[in-house]
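Since the structure comes first, as structure tokens, the remarks are kept for the end.
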Amino acid sequence: MSDDTPHDIAVLAGGLAHEIRNPLSTIGLNLELLAESLGGTEPDEADDRPTARRKRMLRTVQRECGHLSEILDAFLAFARAGEPDLKEADLNRLVREFAEFFRPAAAAAGVRLTLLPAADLPPVRLDVRLMRQALLNLALNAQQALVGEGTPLPHIEVATRPILVGPAGGAVELSVADNGPGVPADALATMWDPFFSTKPGGSGLGLPTVRKIVEAHGGRVHCESGPSGTTFRIALPTAR
Ligand SMILES: Nc1ncnc2c1ncn2[C@@H]1O[C@H](COP(=O)(O)OP(=O)(O)O)[C@@H](O)[C@H]1O
Ligand SMILES: [Mg+2]
């Protein structure tokens with residue numbers, strides 16, 4: 001899917017169906033095995049396979065149900081990302097509130113989160129809820145890129161700054177940087193496609209949702225990545 005084509009509904013539906021099929025067949029298989037292990041209608045027809053095995057099958061069903069529900073949540077977030085309710089707002093305030101919320105979880109994962117809010121940042125028009133979602137998606141990706149990668153001093157930096165975009169007007173930039181291993185080279189182009197993921201159990205909807213939210217704000221998002229880290233930069237037009 002190229003950057004500029006609107007997402008084709010049939011392609012999206014196909015992607016969603018594909019994501020749902022695997023957990024669904026795992027659930028079906030485990031329920032079948034469970035039913036078999038419980039035997040027929042007579043109590044003594046049940047075989048005495050150890051309860052531990054049945055519990056394991058039940059846990060698999062529970063896990064896959066959780067996974068299905070995550071896929072649907074991510075898909076709904078993606079679907080709803082295009083209709084922002086824009087109001088003039090302070091991006092620094094959003095960023096500070098986000099940091100307060102995210103920092104404890106990051107710290108628990110061994111990741112330090114720092115903020116670099118620019119002084120005198122011009123106001124922008126924001127759907128605060130949607131932009132918080134975009135920031136969360138980027139911060140989660142950053143954290144996931146850091147955890148388990150053996151990066152010394154894993155670190156995420158969230159920054160804002162005014163930028164110049166020529167005579168047409170100003171813009172502000174919101175960036176999320178990590179010092180992780182970088183985006184795999186063969187994923188740089190495809191990582192924006194719905195359902196593309198290099199993670200086991202990844203929805204692959206985080207970045208497409210970010211892009212949709214940013215573009216609905218009249219902004220742009222791009223990524224710079226190398227072996228010493230990754231930075232996502234969101235540019236948003238100023239309100240006045
Ligand atoms: N900060 C990052 N560092 C390294 N790779 C990243 C980063 N952010 C995104 N990626 C890559 O982009 C892919 C798509 O991200 P995303 O759309 O959020 O889906 P998901 O997180 O479910 O895999 C990830 O699987 C990963 O390969
Ligand atoms: Mg993600």
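All of these numbers come straight from a predicted model, not from anything done at the bench. One-based numbering, in listed order, for ligands and for the atoms of each. These numbers come from the heavy atoms of this one structure, side chains and all, not from hydrogens, waters or symmetry mates.
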Side chain or backbone of [X] under 4.0 Å from ligand 1, or both, or neither, by non-hydrogen atoms?
X    : result
D178 : side chain
W192 : neither
T230 : side chain

Identify the two heavy atoms, one from T231 and one from A177, that lie closest to each other, and give their separation to 0.1 Å.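 For T231 versus A177, the nearest heavy atoms are OG1-CB, 3.5 Å.
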Would you say [X] touches ligand 1, if touching means a heavy atom closer than 4.0 Å?
X    : answer
S225 : no
S203 : yes
G180 : no
V183 : yes

Under 3.5 Å, is there a donor on one side chain and an acceptor on the other for T160 and N92?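 There is such a pair between these side chains.
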Considering only protein heavy atoms, which is closest to [atom], and at what distance to one decimal place?
atom                    : value
atom 22 (O) of ligand 1 : G204 N, 2.9 Å
atom 25 (O) of ligand 1 : T198 N, 2.9 Å
atom 14 (C) of ligand 1 : F196 O, 3.5 Å
atom 17 (O) of ligand 1 : L207 N, 2.8 Å
atom 21 (O) of ligand 1 : K199 NZ, 2.7 Å
atom 9 (C) of ligand 1  : N141 ND2, 3.6 Å
atom 12 (O) of ligand 1 : M191 CB, 3.5 Å

Is the backbone N or O of L113 less than 3.5 Å from a side-chain atom of R103, with the two atoms forming a donor-acceptor pair by type?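 The answer is yes, because a donor-acceptor pair under 3.5 Å joins these two groups.
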So M131 and I213, do their side chains get closer than 4.5 Å, heavy atoms only?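 Sidechains of M131 and I213: in contact.
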Check whether any side-chain heavy atom of L207 sits under 4.5 Å from a side-chain heavy atom of N137, and report yes or no.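 SC-SC contact between L207 and N137 ruled out.
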In terms of side-chain geometry, is the basic nitrogen of E88 or R125 positioned less than 4.0 Å from the acidic oxygen of its partner?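 Between R125 and E88 there is no salt bridge, as every charged N stays at least 4.0 Å from the carboxylate O atoms.
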Does this structure show an ion pair linking R93 with E97, if we count only N-O contacts that are shorter than 4.0 Å?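 Looking at R93 and E97, the cut-off is met.
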Please name the residue in the list D73, L24, N22 that meets the side chain to side chain contact (heavy atoms under 4.5 Å, CB included) test with L68.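 Of all the options given, the one that passes is L24.
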Residue pairs involving residues 216-240 (criterion ring-ring contact (aromatic ring centres under 6.0 Å, His included); sequence neighbours excluded):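 Sorted result for residues 216-240: W192-F232.
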Taking the inter-plane angle between the rings of F102 and F98 on a 0 to 90° scale, is it parallel (under 30°), tilted (30 to 60°) or perpendicular (over 60°)?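 Ring orientation of F102 relative to F98: parallel.
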Tell me, please, if N141 has any N/O/S atom, main chain or side chain, under 2.8 Å from the Mg ion (ligand 2)?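 Within the cut-off used here (under 2.8 Å), N141 does place an N, O or S atom near the Mg ion (ligand 2).
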Look only at interatomic distance and state if P184 has a nitrogen or oxygen under 3.5 Å from any nitrogen or oxygen of ligand 1.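 No, since none of the N or O atoms of P184 sits under 3.5 Å from an N or O of ligand 1.
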Looking only at distances, can you tell me whether any N or O atom of A187, backbone or side chain, sits closer than 3.5 Å to an N or O atom of ligand 1?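 N/O-N/O distance below 3.5 Å does not exist for this pair.
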By number and element, which atoms of ligand 1 are closer than 4.0 Å to a non-hydrogen atom of P208?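 Taking each heavy atom of P208 in turn, ligand 1 has 17 (O) under 4.0 Å.
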Contacting atoms of ligand 1, where contact means under 4.0 angstrom from a heavy atom of G182: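 Taking each heavy atom of G182 in turn, ligand 1 has 4 (C) under 4.0 Å.
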Out of A142, A145, S197, G202, who gets a non-hydrogen atom closest to atom 23 (O) of ligand 1?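 Among A142, A145, S197, G202, the closest heavy atom to atom 23 (O) of ligand 1 comes from S197.
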Before giving the answer on side-chain contact (heavy atoms from CB on, under 4.5 Å), spell out for L135 and V210 the whole-Å C-alpha distance, their side-chain angles and the decisive distance to 0.1 Å. CA-CA 8 Å; L135 189 50; V210 169; over 6 Å; no
Count the heavy atoms belonging to other residues, nucleotides or ligands that lie under 6.0 Å from CZ of R233, then report whether that count exceeds 12.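 Yes, because the 6.0 Å sphere around CZ of R233 holds more than 12 heavy atoms from other groups.
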